[in-house]
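We name chains A, B, ... by the order of the sequence lines, and we start the count at 1 in each one. Note that the structure is a prediction, hence the values are computed from the model and not measured.
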Amino acid sequence: MSRAYQPRKIESKWQKKWDADGLYEANVDESKEKFYAMTMLPYPSGDLHIGHWYAIAPSDARARFKRMQGYNVMFPIGFDAFGLPAENAAISRGMHPKEWTYKNIEHMRSQIKSMGPMVDWRREMISADPKYYHWTQWFFIQLYKNDLAYRKYSPVDWCPQCNTTLAREQVHGEDRHCERCGTQVTKKDLEQWFFKTTNYADELIDFSLIDWPDRVKTLQTNWVGRSEGADVIFKTEAGDDLTVFTTRPDTLWGATFMVLAPEHPLVEKLTSPEQTEAVKIYKHEAEQKTEIQRASVDKEKSGVFTGGFAINPVNGARIPIWIADYVMMGYGFGAIMAVPAHDERDFDFARQFDLEIIPVIQPEGENFDGKTMSESYIGPGLMINSAQFDGVAVTDDKGRKNPGIAKVIDWLDGEGLGKEAVSYKLRDWLISRQRYWGAPIPMVYCDDCGWNPVPEEELPVLLPDDVEWLPTGESPLKLHPTWKDTSCPSCGKAATRETDTMDTFMCSSWYHLRYLSPDFEQGPFDQNEYDYWMPIDIYTGGIEHANMHLIYTRFFHKALRDMGIVEGHEPMMQLRNQGMVLGEDGEKMSKSRGNVVSPDDLVAKYGADTVRGYLMFFARWDLGGPWNSQGITGTERWLSRTWSLFTEPPMGGKPPEGLIKDVKRALHTALDRVTQDYEKVEFNTIISTSMELMNVLVEAKKKGAANTKDWAEILEIYLLMIAPSVPHIAEELWSEVLGKPYSIHNQKWPEADQEMMKTDEITLIVQVNGKLRDRIVVPVDISKEDAEKTALASPGAAPFLEGQEVRKVIIVPGRLVNIVI
RNA sequence: GGGGCAGUGGCGGAAUUGGCAGACGCAGGGGACUUAAAAUCCCCCGGUGCAAACCAUGUGGGUUCGAUUCCCACCCGCCCCACCA
């Protein structure tokens with residue numbers, strides 16, 4: 001009597017054996033082509049979420065497919081172990097962040113193992129291990145030595161809930177809330193460490209070397225926000241330079257006033273005695289505004305006149321200088337020339353405060369008058385009121401491609417009034433965090449020598465365990481009685497350590513390098529491993545990191561490349577994003593909503609293979625969607641019917657003529673499709689095609705197909721096909737039921753036989769005026785003439801052709817005949 | 001306001017990229033087996049219509065012999081950015 005399908009039994013059995021045999025150990029092997037498949041590492045929050053499974057299991061299937069194709073595949077995993085949740089847990093439970101984190105890792109590691117991924121656990125990295133953050137610190141020092149890390153006093157984003165600064169990227173939404181806790185972010189003037197990500201702005205929007213989703217490329221491009229234009233030097237009446245960036249130097253003659261950000265350094269000097277009070281009040285209001293809800297979007301412009309004037313360099317006009325909060329200190333120079341006739345915001349401002357409007361671009365057939373214009377004009381036209389440039393055509397193009405802009409830039413340059421310039425929205429990356437559970441920034445401050453890096457031989461700067469983590473807004477390390485005391489690396493005098501820690505995104509910017517050699521002590525990675533494995537061939541994970549991790553890690557790689565530490569221009573050649581698994585109610589899963597699906601429960605009930613298969617099947621992987629707890633029974637049935645197919649005795653007698661040929665055709669067609677879908681990283685159709693094939697096999701077995709000598713080979717190919725997606729049942733059926741040599745995961749991916757896929761007869765679609773009228777079965781090699789003849793005579797089409805003149809017949813060989821009447 | 005992604009049965013989704021719309025699965029209906037239930041197996045399953053046939057891929061146009069697929073305009077949903085000069 002055949003055994004029933006007992007997934008949990010066979011799954012833990014094979015997981016143990018694979019582990020004991022080191023089946024998934026990935027070693028440098030020059031004789032084989034490498035494939036580095038990586039999935040975004042989890043944060044050890046406590047429990048593996050279904051979202052983790054969704055990220056890891058299909059990625060694992062893809063990696064297994066590559067392995068069967070003959071690649072030497074590395075599919076590592078680790079833990080992004082530093083970060084705020086550990087500290088918050090420490091505060092609320094009175095448990096040390098380290099203890100909490102490592103306990104969680106242990107638990108989550110076993111949960112990951114329960115899905116049976118082909119992970120080489122010898123390569124695991126944990127970013128909170130001293131042997132890891134040693135090198136995070138080392139990288140900081142390299143960036144510092146190469147002039148890519150600097151300290152700056154500036155207003156920075158501050159989360160009052162998390163009690164720390166945040167990178168610009170970690171501030172979300174119109175209301176500017178904290179990425180992690182959702183609290184409204186405030187501004188704080190602090191001296192902090194930054195990385196010069198802006199040095200790489202242009203390179204970061206060049207995606208020519210990588211195969212990344214358009215969505216991510218667009219997000220990153222918009223985030224970098226490159227604009228082409230010119231820097232133009234205005235002079236204040238007092239003689240100070242007042243430089244502005246503009247994308248529209250062609251409209252310079254229409255600049256009738258200037259606007260500075262309230263925080264602009266020249267404001268005080270410019271302000272006339274009679275305006276001093278008004279300016280002071282406005283500055284104060286503007287400061288408050290960033291702190292209060294800006295969500296109440298009254299887009300009505302506010303601002304105040306400083307009493308100061310500037311000279312428009314192109315025409316000598318004396319123009320007033322205002323301050324307004326619609327000008328941002330952080331972009332360009334924090335100052336603009338206002339051209340109300342051709343900029344919507346400037347127009348609104350001019351109308352509100354009754355400032356002069358001079359049109360300088362005019363399309364044909366128009367006759368603009370600054371006094372009567374009802375809105376600004378942004379489009380193309382001819383320059384007017386612009387002295388020698390009158391009549392020059394201005395197009396919709398940006399930058400130098402626009403003839404008007406190009407001419408003006410060249411002229412400005414020649415006159416020494418300005419120069420071509422590019423501006424970016426991208427900010428330098430603020431990495432200081434006033435928190436405990438992170439990698440200490442390895443810098444020392446000495447009253448005499450200033451800032452110096454900790455000597456590399458003294459790394460790592462260890463995080464002390466005995467710390468009070470009172471959430472005070474000061475770095476907890478600062479409150480430690482002795483930790484910060486050290487000596488100056490330069491002069492040896494008593495000095496103080498930097499007590500801030502690094503943004504955890506710093507840890508995750510290079511973890512792919514640590515997988516190469518997690519225990520290597522002479523450097524961040526072993527060069528031999530690097531030379532073999534890098535770059536990453538496919539990186540999978542959520543899209544939410546498009547403007548954070550995925551920009552930082554590219555920046556990091558490019559910076560290391562310029563230091564000669566790594567090679568190539570990009571770390572990750574291909575990126576694919578998975579969507580999100582939502583709760584059954586279509587909402588984001590959350591404990592408070594009670595719609596969380598527990599993978600542990602599912603594995604207990606259905607087994608890991610069913611969960612893996614269903615995650616691949618239930619939605620388009622890149623989109624995700626709501627979980628359906630009934631839907632998983634479809635995958636469960638697929639596997640139990642597969643089990644029966646292999647374990648139940650043969651049926652029927654002698655199979656009918658042609659059956660085996662038909663089965664083989666279905667087999668190879670499915671194999672071809674599955675192969676393509678794995679290449680394209682489209683998982684749902686891999687499973688549906690496998691189900692479809694199984695249905696064919698079940699039918700064929702009933703008709704006696706299992707009584708032929710071909711049957712064994714058919715079953716083998718089917719098993720090989722499903723092995724990457726459902727590795728345990730495939731192994732059991734392969735090694736135990738078919739008695740083939742262990743392991744199925746060392747077998748070669750079968751090749752679809754194009755000959756087998758061919759048919760003798762095809763079904764030709766017969767259309768009349770594009771409407772389906774009949775289907776005719778014809779020989780595959782039918783001539784066009786015969787196809788036309790047969791179609792015209794077909795019973796379905798004939799009635800529609802009666803008494804009609806056939807004007808044209810379109811024949812798509814192998815597909816259809818369309819008769820046009 | 002700008003940008004992106006999507007819109008196909010009751011539901012998740014297919015459609016070899018311009019050629020049979022709805023594969024595969026869930027749910028539903030009917031039947032077989034069973035004392036009964038579960039499991040399993042078989043049949044039906046977009047709409048209208050007795051049928052022939054017609055209608056149907058968010059809406060309206062267009063290109064084409066032929067459009068879910070390409071183009072234009074619009075509607076709805078989600079995501080990102082948002083007074084960025």
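- What separates NE2 of His342(A) from C1' of C83(B) is a distance of 19 Å, to the nearest Å.
- Under a 3.5 Å cut-off, the side chain of Thr247(A) and the backbone N or O of Gly399(A) do not form any donor-acceptor pair.
- The six-membered or imidazole ring of Tyr282(A) lies away from that of Trp322(A), with a centre-to-centre distance of 6.0 Å or more.
- Picking from C54(B), A21(B), A85(B) the nucleotide with the shortest atom distance to the side chain of Arg773(A) gives C54(B).
- Here, G18(B) and A27(B) have their P atoms 36 Å apart, quoted to the whole Å.
- The same atom, C1', is picked in C80(B) and in C65(B); the two are 43 Å apart, to the nearest Å.
- Contact annotation for Ile765(A): base contact, defined as any heavy-atom pair under 4.0 Å involving a base atom.
- For U68(B) and U16(B), the P atoms lie 13 Å apart once the distance is rounded to whole Å.
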Could you write out RNA chain B as dot-bracket? Rules: Watson-Crick or G-U wobble, both distances under 3.5 Å, brackets [ ] for crossings, | for pairs with another strand, dot for unpaired.
(((((.(..(((......[....))).(((((.......))))).(((....)))..(((((..]....)))))).)))))....

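- Between the side chains of Asp585(A) and Asn595(A), at least one donor N or O lies within less than 3.5 Å of an accepting N or O.
- For the pair Ile551(A) CD1 and C80(B) C1', the interatomic distance rounds to 12 Å; values are reported in whole Å.
- Taking CG from Leu816(A) and OG1 from Thr763(A), the interatomic distance works out to 12.5 Å, rounded to the nearest 0.5 Å.
- Residue contacts shown for Asn695(A) are limited to sugar-phosphate atoms, with no base heavy atom under 4.0 Å away.
- Per the geometry, CD1 belonging to Ile378(A) stands 13 Å off C1' belonging to G2(B), to the nearest Å.
- Closest of all the heavy-atom pairs between Val766(A) and Ala797(A) is CG1-CB, 3.8 Å.
- Put simply, the side chain of Lys425(A) and the base of C81(B) share no donor and acceptor less than 3.5 Å apart.
- Rounded to a whole Å, the CH2 atom of Trp638(A) is 16 Å from the C1' atom of A23(B).
- Taking the six-membered ring for Trp and the full ring otherwise, Phe257(A) and Phe353(A) have centroids separated by 6.0 Å or more.
- Proximity note for Glu692(A) (side chain, C-beta onward) versus C83(B), A23(B), A85(B): the nearest is A23(B).
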What protein N or O atoms touch nucleotides 41-47 of chain B N or O atoms at under 3.5 angstrom, if any, and at what distances?
from, atom 1, to, atom 2, distance (Å)
C41(B), OP1, Arg641(A), NE, 3.0
C42(B), OP1, Lys702(A), NZ, 3.0

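- Proximity of Thr633(A) to the phosphate of G25(B): no side-chain N or O atom is located under 4.0 Å from OP1 or OP2.
- Nearest nucleotide to the side chain of Thr218(A), out of G4(B), A85(B), C24(B): G4(B).
- Taking atom P in both G13(B) and A52(B), the straight-line distance is 34 Å, to the nearest Å.
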Every protein N/O within reach of nucleotides 14-17 of chain B N/O, cut-off under 3.5 Å:
from, atom 1, to, atom 2, distance (Å)
A14(B), OP1, Asn684(A), ND2, 2.9
A15(B), OP1, Arg673(A), NH2, 3.0
U16(B), N3, Arg815(A), NH2, 3.4

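- Using a distance-only test at 3.5 Å, with no hydrogens or angles considered, a donor-acceptor pair links the side chain of Lys701(A) to the main chain of Leu645(A).
- With no hydrogens or angles considered, no side-chain donor-acceptor pair links Asp343(A) and Ser376(A) at under 3.5 Å.
- Here the shortest heavy-atom pairing between Gly583(A) and Pro626(A) reads O-CB, 3.5 Å.
- Residue whose closest nucleotide on RNA chain B sits further toward the 5' end, between Thr246(A) and Asn222(A): Asn222(A).
- Ring-centre distance between Phe349(A) and Tyr326(A): below the 6.0 Å cut-off.
- Positionally, the nearest nucleotide of RNA chain B for Asn628(A) lies more toward the 5' end than for the other of Met329(A) and Asn628(A).
- No hydrogens or angles considered: nothing links the side chains of Thr243(A) and Asp231(A) as a donor-acceptor pair under 3.5 Å.
- You'll find that the side chain of Trp223(A) is closest to C81(B), out of C24(B), C83(B), C81(B).
- For Phe347(A) and Tyr377(A), the ring centers are positioned 6.0 Å apart or more.
- The side chain of Lys771(A) places an N or O atom within less than 4.0 Å of a non-bridging phosphate oxygen (OP1 or OP2) of C55(B).
- An anti orientation is assigned to U34(B), its glycosidic angle lying beyond 90° of 0.
- Of all heavy-atom pairs between Ser302(A) and Asp325(A), the closest is OG-OD1, 3.6 Å.
- At least one test fails for Arg576(A) against the ring of Trp621(A): distance under 6.0 Å to the centre or angle within 45° of the axis.
- Among the nucleotides A85(B), G25(B), C26(B), the one closest to the side chain of Phe617(A) is G25(B).
- Taking atom C1' on both C78(B) and A67(B), the two are 26 Å apart, rounded to the nearest angstrom.
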Between protein and nucleotides 65-73 of chain B, map the contacts as a letter string: B base, S sugar-phosphate only, - none, heavy atoms under 4.0 Å, written 5' to 3'.
BS-------

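- Between the C1' atom of U8(B) and the CG atom of Leu623(A) lies a distance of 14 Å, rounded to the nearest Å.
- Distance noted for atom P between C50(B) and C41(B): 35 Å (whole Å).
- Arg775(A) comes within 4.0 angstrom of a nucleotide base, judged by non-hydrogen atoms across all strands.
- At least one donor-acceptor pair under 3.5 Å links the side chain of Gln352(A) to the backbone N or O of Lys301(A).
- Within the 4.0 angstrom heavy-atom criterion, only backbone atoms of the sugar-phosphate kind lie near Ser227(A); the bases stay farther away.
- Screening Trp627(A), Phe683(A), Tyr606(A) for a ring-ring contact (aromatic ring centres under 6.0 Å, His included) with Tyr614(A), the sole residue that qualifies is Trp627(A).
- Within the 4.0 angstrom heavy-atom criterion, no nucleotide atom of any strand lies near Val809(A).
- Nucleic acid contact class of Gly624(A) (heavy atoms, under 4.0 Å, all strands): sugar-phosphate only.
- Aromatic pair Phe505(A)/Tyr552(A): centroids less than 6.0 angstrom apart.
- G12(B) atom P lies 14 Å from atom OH of Tyr54(A), rounded to whole Å.
- The stretch residues 579-589 of chain A has no heavy atom under 4.0 Å from RNA chain B, so no residue of it qualifies as close.
- Remark: the separation of the P atoms in C72(B) and C81(B) is 27 Å, to the nearest Å.
- Atom NE2 of His264(A) and atom C1' of A85(B) are 13 Å apart (whole Å).
- Comparing the C1' positions of G47(B) and A39(B) gives an interatomic distance of 35 Å, to the nearest angstrom.
- Between His177(A) and His172(A), the ring-plane angle classifies as perpendicular under the 30° and 60° cut-offs.
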Validation: residues 692-699 of chain A side-chain donor-acceptor distances under 3.5 Å, sequence neighbours left out:
from, atom 1, to, atom 2, distance (Å)
Asn695(A), OD1, Arg641(A), NH1, 3.0
Glu699(A), OE2, Lys702(A), NZ, 3.4

